[in-house]
There are 2 protein chains.
Amino acid sequence: MREIIECVPNFSTSDPRVVEQILNELKTTKNTFLLDYTFDNYYNRLVISFIGDKRSIIEAMLKMAFKAVELIDMRTHKGQHPRIGAVDVVPFIPIKNVTIKDCIRIARKFGRKIAKERGVPVYLYGEAATKPERKDLDWIREGEYERLEELMAKPERKPDFGPAKPHPTAGATITGARKVMAGFNVNLGTSDLKIAKKIAKALHSKKGGLANVKAMAAYIPEKNITQIGMSISDFEATPLYRVFELIKLEAERYNVPVIGSEFCGMAPLKAIVDVASYYLKIDNLAVDRVLEVAIQNATEKGRKFE
Amino acid sequence: MREIIECVPNFSTSDPRVVEQILNELKTTKNTFLLDYTFDNYYNRLVISFIGDKRSIIEAMLKMAFKAVELIDMRTHKGQHPRIGAVDVVPFIPIKNVTIKDCIRIARKFGRKIAKERGVPVYLYGEAATKPERKDLDWIREGEYERLEELMAKPERKPDFGPAKPHPTAGATITGARKVMAGFNVNLGTSDLKIAKKIAKALHSKKGGLANVKAMAAYIPEKNITQIGMSISDFEATPLYRVFELIKLEAERYNVPVIGSEFCGMAPLKAIVDVASYYLKIDNLAVDRVLEVAIQNATEKGRKFE
């Protein structure tokens, strides 16, 4: 593909039949490729990662969003992850031969369409935000679905597209453009959500933690443990080993062991390389020292002779 | 490129003018791509990593070998890395749409040519070996260049191609086929080579250390430190974190700190992913969970819908 955009929509469902129908809309759209999808009961949330070109990415995303609006009823939705709608958040991410401006244009187009054709109010966030405070998902999600009607009535919360009140069953949708980020979850060997919340707070950038990190705590009933769920918006500036070691440090004071971690969505190569580089004490291991990357670069861009 | 073979020749030189002339032979061969090269005084050794197809890889390698035979004189060569010739060792490595058998064929062809056209005796090693003991570089390199004439006189050391005595200035050449391996060096905060040798011994597979690991100790005058230089033939079975942590453990008893490490040649992606996965306590992070790999797989092999 000449141009590549990634889209990582988050839908408020973990019902396998609904998941299947949403994925089916993607499957039937040409020039799109599914990278990954995950859903679970405790977040009650479906996260899909797929790629396409400027045209196919909007087409697929609209079809999936229409299906989600049709099938998901927010009035009965419960889950530990903050959310305001059935199609909760839809970021467009530039990967190859595409700029962040292209992605802002795509987000606006997607937002305008879902507002016009389904009556879902839409907020633009991230690089597509129309006001500084709207850059931040947390600001937009304040009060969540439950208080959406009340908060949307305030003039400063008028949506960017669509009516100034929630869609009766689908709530509201947030869309925008951002760079690749890392979704990273760390599991704690405790079922005590109070401790997990303290650790999440210690990590969160706005609460005295690490820059570029948003952290929340969740209880995972299947395993009777808790989890620090994080998004790291700039994993080059704030590498994952720093995040991980700080969690270990904060957990230690409660005698809580860190028992595992996982990527939520795809793992960016640079994030992985920086972790290996830190623990092996390699001074600044460049991504293009990775054999597979060097081979791709050499064959795509021509021989390395300067 | 439809088919990709990697070749990692080791030449016994660190003279920048010789290095340049050898690289120039590669530069002037079509359908080859330089990935990396390193050389240094203490090993007095040049390691080049390049890729090509079945045809170009032999063409480039022969041109480089002829140039090295012409310019390098082993009679005056000194260096800490064991070696028996100017073109010391030439492994061919299957990367894409090529089998190990193809690489054995290529190694034999290369060996036959350099023996016939330059009179350099050639030993086949690794997967191309003609006798079990010849699989092992160490066995072939016994006595090094200095005792080569004496040892080559023994019937069991008759070379696979060429005369049964060393080339007067270029010694002998070893060539063969192998899988991708990791070259990994760990630096110790001591100038005491005796300690470094004990640690190298503790790591070496044949001396009670880790399977798939060959380790040697070297003194690095520029930094006044010592280094454990290793090749790890199967870094999936014996991951790098295990190697690194064992060195730390062995170094501790001498109160020697591990002060850094580096890849010698390219870093295989799987080796990097396994290190990150271990330290972050991620249970079995698959290479295709890496964003860039997933994108390449999706666009090359088609969409991920099963």
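By convention in this document, chain letters (A, B, ...) are assigned in the order of the sequence lines, proteins followed by strands, and residues within each chain are numbered from 1. Predicted model, so just to flag it, every value in this text is computed and none were measured. What you see below is based on every heavy atom in this structure, not just the backbone, and it leaves out hydrogens, waters and symmetry mates.
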At what distance, to the nearest 0.5 angstrom, does [atom1] of [X] lie from [atom2] of [Y]?
{"X": "B:K281", "Y": "A:K248", "atom1": "NZ", "atom2": "NZ", "answer": "5.5 Å"}
{"X": "A:F244", "Y": "B:Y279", "atom1": "CZ", "atom2": "OH", "answer": "12.0 Å"}
{"X": "A:L285", "Y": "B:S261", "atom1": "CG", "atom2": "OG", "answer": "8.5 Å"}
{"X": "A:E292", "Y": "B:E292", "atom1": "CD", "atom2": "CD", "answer": "12.0 Å"}
{"X": "A:Q296", "Y": "B:I4", "atom1": "CD", "atom2": "CD1", "answer": "9.5 Å"}
{"X": "B:D283", "Y": "A:I259", "atom1": "CG", "atom2": "CD1", "answer": "11.0 Å"}

Exceeds 12 heavy-atom contacts within 6.0 angstrom, atom [atom1] of [X]:
{"X": "A:K54", "atom1": "NZ", "value": "yes"}
{"X": "B:E222", "atom1": "CD", "value": "yes"}
{"X": "A:K223", "atom1": "NZ", "value": "no"}

| field | Nearest heavy-atom neighbours spanning B:R289 and A:M266 | value | O-CE, 3.3 Å

| task | Search all heavy atoms of B:I51 against all heavy atoms of A:A298 and return the closest pair with its distance. | result |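 Minimum heavy-atom separation between B:I51 and A:A298: CD1-CB, 4.5 Å.
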
Report which part of [X] has an atom under 4.5 Å of a heavy atom belonging to chain B: side chain, backbone, both, or neither.
{"X": "A:E6", "value": "side chain"}
{"X": "A:V186", "value": "neither"}
{"X": "A:F50", "value": "neither"}
{"X": "A:D288", "value": "backbone"}

| In a check of side-chain contact (heavy atoms from CB on, under 4.5 Å) between B:L291 and each of A:I95, A:I272, A:D36, which one passes? | A:I95

| message | Does any backbone or side-chain atom of B:Y278 lie under 4.5 Å from a heavy atom of chain A? Answer side chain, backbone, both or neither. | response |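 Contact with chain A involves no heavy atom of B:Y278 at all.
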
| request: Tell me, for B:V293 versus chain A, whether the close heavy atoms (under 4.5 Å) come from the side chain, the backbone, both or neither. | output: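 For B:V293, no heavy atom lies under 4.5 Å from chain A.
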
| query | Can A:V275 and B:V275 be said to form a side chain to side chain contact (heavy atoms under 4.5 Å, CB included), step by step? | reply | CA-CA 8 Å; A:V275 168; B:V275 167; over 6 Å; no

| message | I'd like to know which of A:P268, A:S277, A:G260 tops the heavy-atom pair count under 4.5 Å against chain B. | response | A:G260

| field | Pairs of heavy atoms under 4.5 Å with chain A: top-ranked of B:L269, B:V290, B:I282, B:L280 | value | B:L280

| query | Highest number of heavy-atom pairs under 4.5 Å with chain A: which of B:A276, B:A271, B:A267? | reply |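 Going by pairs under 4.5 Å, I would pick B:A267.
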
